[in-house]
S.K.: 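Okay, handing you the structure first.
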Amino acid sequence: MARNIHTGMRRFLARRGMRALHCACSRRKKCDRKWSKQTKISMTERPAISPTRQEDFPEWYQQVIAAADLAENSEVRGCMIIKPWGYAIWERMQRELDRRIKAAGHRNAYFPLFIPLSFLEKEAEHVEGFAKECAVVTHHRLEATEGRLVPGAPLAEPLVVRPTSETIIGAAFARWIQSYRDLPLRINQWANVVRWELRPRLFLRTSEFLWQEGHTAHQTAAEAEAEALRMLRLYEGFLREMLALPAIAGEKTPGERFPGAVRTLTLEALVQDRKAIQAGTSHFLGQNFARANGITFLSPEGMREHVWTTSWGVSTRLVGTLIMAHSDDNGLVLPPRVAPCQIVLLPLIRREEERTAIEEACARLAAELAERSYAGEPLRVEIDARPSAGGAKNWEWVKKGVPLRVEIGPREVAAGTLSIGRRDRPPRERLSQSVRQFVAEVEGILTQMQEGYWDRAVAFQKSHTRRIASREEFLEFFTPRDAERPEIHGGFAEIPWSGDAALEEKIREEQKVTIRCIPLDQEPAPGTCPFSGKPGKYRVLFGKAY
RNA sequence: CGGAGUGUAGCUCAGUCUGGUCAGAGCGCUUGCUUUGGGAGCAAGAAGUCGCAGGUUCGAAUCCUGCCACUCCGACCA
């Protein structure tokens with residue numbers, strides 16, 4: 001109970017983008033003293049986000065979102081409001097992915113939000129996979145009755161709000177494709193989808209989310225399989241280069257497959273609480289949807305054949321993944337390439353007579369920086385000229401994860417220097433550089449930061465991936481020392497696997513860990529499965545999953 | 001759907017056991033003054049049908065009944 005008071009207080013503070021220096025509850029001083037005593041951290045050294053990652057990771061995650069002003073829960077349960085800063089991050093991802101997908105030969109189109117119920121019924125596994133989480137529209141009119149609005153006219157056939165669009169796109173493909181000359185067909189759509197979630201979490205699991213879904217049709221199985229793999233690799237490159245996020249490319253086991261897929265490929269990332277999260281997925285659908293939707297073509301030999309299809313997607317879940325992968329106890333950390341703003345200029349104006357000189361210096365610097373580019377795009381620079389106290393403003397940008405904060409006050413103007421705060425350094429640390437030097441080096445600094453985050457993430461993944469040979473070691477790996485309050489533990493456990501589905505299910509039930517994937521890049525001759533004693537066909541990665 | 005809990009100001013909460021100077025605090029917001037290389041200080045002010053509907057009572061945030069909403073923990077999931 002006492003903990004709840006603090007949790008609420010922290011959420012409140014963070015949401016308001018305020019300093020976390022004091023408790024906001026009605027017993028502020030007592031709470032503050034208690035916290036300081038418990039943690040042995042003085043109030044001035046207190047990190048911006050509480051609890052810290054170590055103290056309570058899920059709560060920390062929520063607090064980062066609130067402190068960085070990324071999103072909030074809406075009145076509709078399970079649905080989030082993505083706020084401007086959070087949406088700008090998604091737009092950065094979208095823009096770059098869209099570019100890459102188009103370069104890979106796909107064209108954008110848009111299909112309806114509503115799918116006739118009968119469409120969903122066409123593919124048996126697909127029905128089973130999605131039926132439980134579908135939102136259904138049953139009426140098309142509201143009628144005012146005694147001052148209340150009630151659904152009026154029932155639909156002849158209920159409409160399902162798309163949980164994914166294979167079926168309705170398949171129906172269109174059936175019309176569009178007649179000949180082998182129409183293949184391959186490569187379509188992508190940016191859309192929202194709805195999967196009715198019982199336990200929502202911002203960005204990670206919401207009832208409505210935004211994504212991109214690609215759908216392709218091919219003449220041969222081999223070509224479609226190659227396409228599914230190609231798009232997985234495209235995602236992999238995007239994650240590496242833009243998000244500084246290493247992910248293991250692999251295949252899902254039959255039990256974890258997309259409903260209706262023949263093969264499901266995945267990118268599995270490890271975030272700071274050592275849980276795995278799927279960061280992208282690509283499916284080889286075989287002829288399942290082609291048969292269900294009657295997508296056929298005439299081959300060069302004049303034979304009518306079913307096409308082979310793929311589908312693949314990434315969602316706003318990537319924003320959550322990004323947060324959990326890189327952020328720290330002072331808030332969000334954004335790799336420069338996805339940061340909506342890379343450099344924020346903070347004028348420090350104390351006396352009115354200093355104003356003009358400082359504002360001019362800021363404007364000059366902003367103009368100079370705007371002419372420079374990083375990673376092939378003009379630098380994204382913002383001047384924060386709001387008339388509030390310097391310290392508070394500075395912390396706000398720390399929490400928002402902006403890579404570089406540049407302070408310009410009378411001293412800097414006089415000396416022709418800048419005070420630069422880097423998000424990959426402690427929040428109070430400042431580097432003093434001449435304007436000229438900074439402008440010349442800024443691209444290098446951003447490159448260094450981007451690479452630094454990548455290196456750190458790779459090292460993290462490596463140090464928490466363990467090859468495990470015995471059952472005992474496996475259990476030890478996934479068992480916290482403190483059962484009451486489990487500490488951060490586990491990671492990826494790599495073991496030889498014989499491919500036994502029943503065993504996989506048993507481990508899932510007993511240990512709450514699952515096979516995240518069968519890594520694509522692995523050497524042969526993996527050894528003996530520690531559970532069955534049988535020779536392993538390949539190595540698999542086990543992990544706790546989001 | 002099972003288990004636990006919570007609804008009081010914009011936010012976080014106190015007050016409920018024991019009905020009556022009980023409409024409260026902190027933060028935020030507004031205004032004024034002070035401060036100014038750092039997540040400011042002081043003062044004043046605006047702000048609530050105490051989740052909703054009944055009931056008990058001279059009197060209900062507080063007791064009773066019903067309803068509603070939300071949160072957390074479990075089964076499904078990008």
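Convention: sequence-line order gives letters A, B, ...; per-chain numbering from 1.
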S.K.: In chain order, what residues pass the ring-ring contact (aromatic ring centres under 6.0 Å, His included) check against A/Trp211, with sequence neighbours excluded?
M.R.: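 Counting only residues at least two positions away or on another chain, A/Trp211 forms a ring-ring contact (aromatic ring centres under 6.0 Å, His included) with A/Phe209.
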
S.K.: For B/G37, take OP1 and OP2 only and decide whether either is under 4.0 Å from a side-chain N or O of A/Arg350.
M.R.: yes

S.K.: Exactly one of A/Glu227, A/His215, A/Gln212, A/Gln189 should register a side-chain hydrogen bond (donor to acceptor under 3.5 Å, both in side chains) with A/His106. Which one does?
M.R.: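 It is A/Glu227; the other options fail the test.
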
S.K.: Would you please indicate if the ring centroids of A/Phe258 and A/Phe130 are separated by under 6.0 Å?
M.R.: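 Yes.
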
S.K.: Write down the distance separating the C1' atoms in B/G48 and B/G10, rounded off to the nearest Å.
M.R.: 11 Å

S.K.: Would you measure the distance from the P atom in B/U62 across to the matching atom in B/U18 and give it in whole Å?
M.R.: 14 Å

S.K.: Going by ring-ring contact (aromatic ring centres under 6.0 Å, His included), name the residues that satisfy it together with A/Tyr546, two or more places apart in sequence or in a different chain.
M.R.: none

S.K.: Which pairs count as salt bridge (Lys or Arg N to Asp or Glu O under 4.0 Å) when at least one residue sits in residues 248-270 of chain A, sequence neighbours excluded?
M.R.: A/Glu225-A/Arg263, A/Glu251-A/Arg263, A/Lys252-A/Glu268, A/Glu256-A/Arg516, A/Glu268-A/Arg516

S.K.: Name the closest nucleotide to the A/Ala48 side chain, picking from B/G37, B/G39, B/A78.
M.R.: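 The listed nucleotide nearest to A/Ala48's side chain is B/G39.
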
S.K.: For the P atoms, the ones on B/C67 and on B/C76, what distance do you get once it is rounded to whole angstrom?
M.R.: 31 Å

S.K.: Phosphate oxygens OP1/OP2 of B/C76: is one of them under 4.0 Å from a side-chain N or O of A/Arg508?
M.R.: yes

S.K.: Please answer whether B/A78 and A/Phe209 are stacked, defined here as ring centres separated by less than 5.5 Å and planes angled under 30°.
M.R.: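 A/Phe209 ring centre within cut-off of B/A78 base, planes near parallel; stacks.
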
S.K.: Does this structure show an ion pair linking A/Glu96 with A/Arg92, if we count only N-O contacts that are shorter than 4.0 Å?
M.R.: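 So A/Glu96 does not pair with A/Arg92 through a salt bridge.
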
S.K.: Which sits closer to the 5' end of RNA chain B, A/Arg257 or A/Arg411, going by the nucleotide each is nearest to?
M.R.: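 Final value for this comparison: A/Arg411.
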
S.K.: Please, which pairs that meet side chain to side chain donor-acceptor pair (under 3.5 Å) have at least one residue in residues 410-424 of chain A, sequence neighbours excluded?
M.R.: A/Asp328-A/Arg423, A/Glu412-A/Ser419, A/Arg422-A/Asp424, A/Arg422-A/Gln448

S.K.: When the nearest nucleotide of RNA chain B is assigned to A/Lys512 and to A/Gly280 on a heavy-atom basis, which residue is associated with the more 5' position?
M.R.: A/Lys512

S.K.: If I pick the P atom on B/U21 and the same atom on B/G28, what distance separates them, to the nearest angstrom?
M.R.: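 Their P atoms lie roughly 31 Å apart.
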
S.K.: Give, ordered by number, those residues of residues 311-319 of chain A having at least one heavy-atom distance below 4.0 Å to an atom of RNA chain B; if nothing qualifies, reply none.
M.R.: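 Within this stretch, A/Ser315, A/Arg317 sit under 4.0 Å of the strand.
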
S.K.: In whole angstrom, give me the gap between the P atoms of B/U12 and B/C72.
M.R.: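 Rounded to whole Å, the distance is 13 Å.
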
S.K.: Would you mind reading off the distance between A/His126 atom NE2 and B/A78 atom P, rounded to a whole angstrom?
M.R.: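 For the pair A/His126 NE2 and B/A78 P, the rounded distance is 12 Å.
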
S.K.: With rounding to the closest Å, how many angstrom separate the C1' atoms on B/G51 and B/U35?
M.R.: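 Looking at atom C1' only, B/G51 and B/U35 are 44 Å apart.
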
S.K.: With rounding to whole Å, what would you report as the distance between B/G45 and B/G7 at their P atoms?
M.R.: 30 Å

S.K.: Provide, to the nearest angstrom, the distance between the CZ atom belonging to A/Arg205 and the P atom belonging to B/A75.
M.R.: 11 Å

S.K.: Taking only residues two or more places apart in sequence, or in another chain, which ones meet A/Phe438 in a ring-ring contact (aromatic ring centres under 6.0 Å, His included)?
M.R.: none

S.K.: Can a side chain N or O of A/Arg199 be found less than 4.0 Å away from OP1 or OP2 on B/G74?
M.R.: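 Looking at the OP1 and OP2 atoms of B/G74, one of them is under 4.0 Å from a side-chain N or O of A/Arg199.
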
S.K.: I'd like to know if A/Arg428 reaches the base of B/G39 with its side chain, counting only an N/O donor and acceptor under 3.5 Å.
M.R.: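 Check passes, donor-acceptor contact within cut-off.
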
S.K.: The criterion is side-chain hydrogen bond (donor to acceptor under 3.5 Å, both in side chains); which residues satisfy it with A/Trp90, sequence neighbours excluded?
M.R.: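 Residues passing side-chain hydrogen bond (donor to acceptor under 3.5 Å, both in side chains) with A/Trp90: none at all.
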
S.K.: Can you tell me which nucleotide in B/G39, B/C77, B/G38 comes closest to the side chain of A/Glu133?
M.R.: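 Closest nucleotide among those given: B/C77.
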
S.K.: Just grab all the side chain to side chain donor-acceptor pair (under 3.5 Å) pairs involving residues 318-327 of chain A, residues at least two apart or on different chains.
M.R.: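 The answer is none; no pair qualifies.
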
S.K.: To the nearest Å, how far apart are A/Glu407 CD and B/G39 P?
M.R.: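 Distance, rounded to whole Å: 12 Å.
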
S.K.: Only counting residues at least two apart or in another chain, list the ones meeting salt bridge (Lys or Arg N to Asp or Glu O under 4.0 Å) with A/Glu359.
M.R.: A/Arg355

S.K.: Restricting to nitrogen or oxygen on both sides, can you table the protein-nucleotides 32-34 of chain B pairs closer than 3.5 Å?
M.R.:
none

S.K.: Less than 3.5 Å between a donor and an acceptor, one on the side chain of A/Arg195 and one on the base of B/C77, is that the case here?
M.R.: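 Side chain to base: no pair present.
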
S.K.: Roughly how far apart, to the nearest Å, are B/C73 and B/G32 at atom P?
M.R.: 46 Å

S.K.: What dot-bracket string describes RNA chain B from 5' to 3', counting Watson-Crick and G-U wobble pairs whose defining distances are under 3.5 Å, with [ ] for crossing pairs and | for pairs to another strand?
M.R.: ((((((((.[[[[.)....(...]]]].((((((.....)))))).....[[[[[..)....]]]]])))))))....

S.K.: Could you list the residues that satisfy ring-ring contact (aromatic ring centres under 6.0 Å, His included) with A/Phe492, not counting sequence neighbours?
M.R.: none

